> 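Take this structure first; my questions come after.
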Protein chains: 2
Amino acid sequence: MPVSTRSARFSAKRDAILDAACALFLEQGYAAASMDAVAARAGVSKATIYAHFTDKDDLFGAVIRMRCERNRTFAPVSPALDARATLTLIGRRLLDLLLQPDTLAMYRLVTAEAPRQPELARAFYESGPVTGKAEIARMLIELGHRGLLAVEDPWRMADLFTGMLRADLFMRTLLGLPQPESSSIEQTVAAAVETMLRAFAPTRTTAQSLAG
Amino acid sequence: MPVSTRSARFSAKRDAILDAACALFLEQGYAAASMDAVAARAGVSKATIYAHFTDKDDLFGAVIRMRCERNRTFAPVSPALDARATLTLIGRRLLDLLLQPDTLAMYRLVTAEAPRQPELARAFYESGPVTGKAEIARMLIELGHRGLLAVEDPWRMADLFTGMLRADLFMRTLLGLPQPESSSIEQTVAAAVETMLRAFAPTRTTAQSLAG
DNA sequence: GTCTATACAACGATAGAC
DNA sequence: GTCTATCGTTGTATAGAC
């Protein structure tokens with residue numbers, strides 16, 4: 001049982017295998033990425049892979065969990081910014097992250113395998129969408145406390161905001177289609193931010209009571 | 001070249017193959033659906049499949065294109081409804097469609113294979129998201145003409161609306177996760193509609209000028 | 001066009017030496 | 001743990017009879 005030994009968990013070859021498998025899974029999908037290809041890319045023999053992982057599914061699970069743990073959190077937003085600036089900044093960061101090739105490949109991979117690997121789908125959901133929305137919700141609460149936004153249900157609002165960000169531009173990029181200039185990152189963010197500002201503008205009493 | 005003959009295009013066995021392949025691709029994904037399984041399910045021999053399609057990719061393409069052509073269009077919305085009722089009705093229809101198992105399976109399949117099959121990804125995009133958004137945009141224009149909504153850029157608005165509809169509930173269902181009651185279809189639609197109504201409420205002058 | 005039978009390659013996984 | 005070599009299976013695709 002190599003997985004339970006200490007050296008196996010921190011082996012250089014094990015890391016090489018994980019990195020190679022990750023790259024191949026993201027590039028080609030689960031089925032198309034063969035164990036031979038992983039071995040070749042990692043610079044090890046196929047038998048070595050099976051010394052560290054019980055089978056292909058096990059290797060796949062380890063790869064996904066590894067990626068989910070690298071849970072990049074957004075940098076804090078300056079408390080001096082107003083609602084529009086804050087939403088724009090956070091929206092730009094999120095959409096920028098969502099459109100990165102690796103993020104999209106991970107999304108394709110996990111959604112495609114979700115029916116066969118429910119636990120991995122859950123891990124992905126918790127580490128990705130949930131974590132991101134939690135940070136946005138926290139920021140919305142902050143804006144609410146400052147009287148800059150009417151925040152009743154921050155989770156619902158975060159959901160609406162991320163939904164608008166993950167609209168046409170995301171879909172086009174996910175499908176690998178050419179992107180018209182009309183659906184740039186900046187325009188998508190601006191439209192989502194403007195809609196949020198209009199729909200959740202603070203009531204006058206709230207703004208005054210907190211400003212006074 | 002059986003594909004070019006008239007009988008081949010309207011063959012009963014060909015249809016059986018397409019139906020079987022469609023079901024298996026949607027259930028298991030491209031790689032996991034074997035030609036043997038397709039043949040067994042269609043009740044034909046494998047050789048018959050290769051008499052109608054050049055290879056597996058060709059069969060896959062025919063399946064995707066067939067599904068894209070079945071382009072169900074929304075039933076017309078009664079012109080007597082106000083903005084909230086219209087948005088709620090159309091939002092419910094769209095979300096209901098998006099959450100159907102076949103729709104989700106198609107989404108998983110096409111997004112997963114998009115990097116290897118750009119043309120199919122485009123066909124899917126045009127027949128699905130674009131067509132749906134076009135209908136919503138048309139409905140928004142209608143509401144705008146009646147002075148019930150401030151419609152400047154109907155395509156952008158349709159994008160924002162569908163984005164809010166395709167948020168957390170869609171993601172959870174796509175990943176096969178258990179769904180809390182808090183993210184039901186009705187609540188998701190209501191939140192998206194309310195946000196639209198607040199953000200795009202008609203200006204008083206517009207409403208009055210068209211109402212008077 | 002449709003079948004049965006089969007060729008041929010690729011894949012996941014293992015045996016055994018070191 | 002790591003290698004080389006290989007096993008057994010499965011998969012795509014085809015040959016040849018009807």
Side-chain angles (χ1 to χ4, degrees), chain A residues 1-64 109 112-113 116-117 120, chain B residues 1-64 109 112-113 116-117 120:
Chain A
M1 254 197 211
V3 178
S4 63
T5 68
R6 190 175 167 280
S7 62
R9 288 196 180 279
F10 303 99
S11 157
K13 298 232 173 196
R14 190 175 194 273
D15 290 347
I17 293 168
L18 280 172
D19 287 346
C22 181
L24 285 169
F25 282 140
L26 291 181
E27 284 171 16
Q28 310 181 355
Y30 176 77
S34 73
M35 297 296 265
D36 286 274
V38 173
R41 184 153 181 160
V44 302
S45 77
K46 226 181 349 175
T48 301
I49 300 180
Y50 284 96
H52 287 272
F53 306 94
T54 67
D55 56 12
K56 193 180 181 181
D57 266 1
D58 185 39
L59 174 59
F60 182 69
V63 166
I64 300 298
L109 188 59
E113 299 302 321
R116 270 82 64 185
Q117 307 274 358
L120 294 183
Chain B
M1 256 203 210
V3 178
S4 64
T5 70
R6 190 174 167 283
S7 62
R9 288 197 180 277
F10 303 100
S11 158
K13 299 233 174 197
R14 190 175 193 273
D15 290 347
I17 294 168
L18 280 173
D19 287 345
C22 181
L24 285 169
F25 282 141
L26 290 182
E27 285 171 15
Q28 311 181 355
Y30 176 77
S34 74
M35 298 296 265
D36 286 274
V38 173
R41 183 155 184 159
V44 301
S45 76
K46 231 183 339 179
T48 302
I49 300 180
Y50 284 96
H52 288 274
F53 306 94
T54 66
D55 56 12
K56 192 179 181 182
D57 267 0
D58 185 39
L59 174 59
F60 182 70
V63 166
I64 300 298
L109 188 59
E113 298 303 319
R116 271 80 66 184
Q117 306 274 359
L120 295 182

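Remember, it's a predicted structure, so these values are computed and weren't measured experimentally. Naming: A, B, ... by sequence-line order, numbering from 1 per chain.
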> Any side-chain N or O of B:Thr48 under 4.0 Å from OP1/OP2 of C:dT2?
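No, no such contact exists.
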> Hey, does the side chain of A:Lys13 reach the backbone of A:His52 with a donor-acceptor pair shorter than 3.5 angstrom?
no
> Please report, rounded to the nearest Å, how far the P atom of C:dA13 is from the CG atom of A:Asp57.
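Nearest whole value for this atom pair: 8 Å.
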> If you only use heavy atoms from C-beta on, which nucleotide in C:dT2, D:dG1, D:dT4 is closest to the side chain of B:His52?
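Nearest to the side chain of B:His52 among the choices is C:dT2.
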> Roughly how many Å is it from CG in B:Asp55 to P in D:dG11, rounded to a whole number?
17 Å
> If the plane angle is over 60° it's perpendicular, under 30° parallel, otherwise tilted; pick one for B:Phe25 and B:Phe60.
perpendicular
> How close or far is atom C1' of C:dG12 from atom CZ of A:Phe53, stated in whole angstroms?
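My rounded result for the distance is 16 Å.
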> Looking at A:Ala21 and A:Val63, what are the two nearest heavy atoms and their distance?
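Reported closest heavy-atom pair: CB-CG2, 3.8 Å.
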> Any side-chain to backbone donor/acceptor pair from B:Lys46 onto B:Val38? Under 3.5 Å, distance only.
no
> For B:Lys56 and D:dG11, give me the distance from atom NZ to atom P, rounded to whole Å.
9 Å
> Let's see if you get this right: which residues in residues 21-44 of chain A place a heavy atom under 4.0 Å from DNA chain C?
A:Ala33, A:Ser34, A:Met35
> For residues B:Asp57 and B:Tyr30, determine if any side-chain heavy atom of one lies less than 4.5 Å from a side-chain heavy atom of the other.
yes
> Check this one for me: any side-chain N or O of A:Tyr50 less than 4.0 Å away from OP1 or OP2 of C:dT14?
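It does not, given that no N or O in the side chain of A:Tyr50 lies less than 4.0 Å from OP1 or OP2 of C:dT14.
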> So what does B:Lys46 touch, heavy atoms closer than 4.0 Å: a base, only the sugar-phosphate, or nothing?
base
> For B:Arg116, is there an ion pair with A:Glu27 - N to carboxylate O distance below 4.0 angstrom?
no
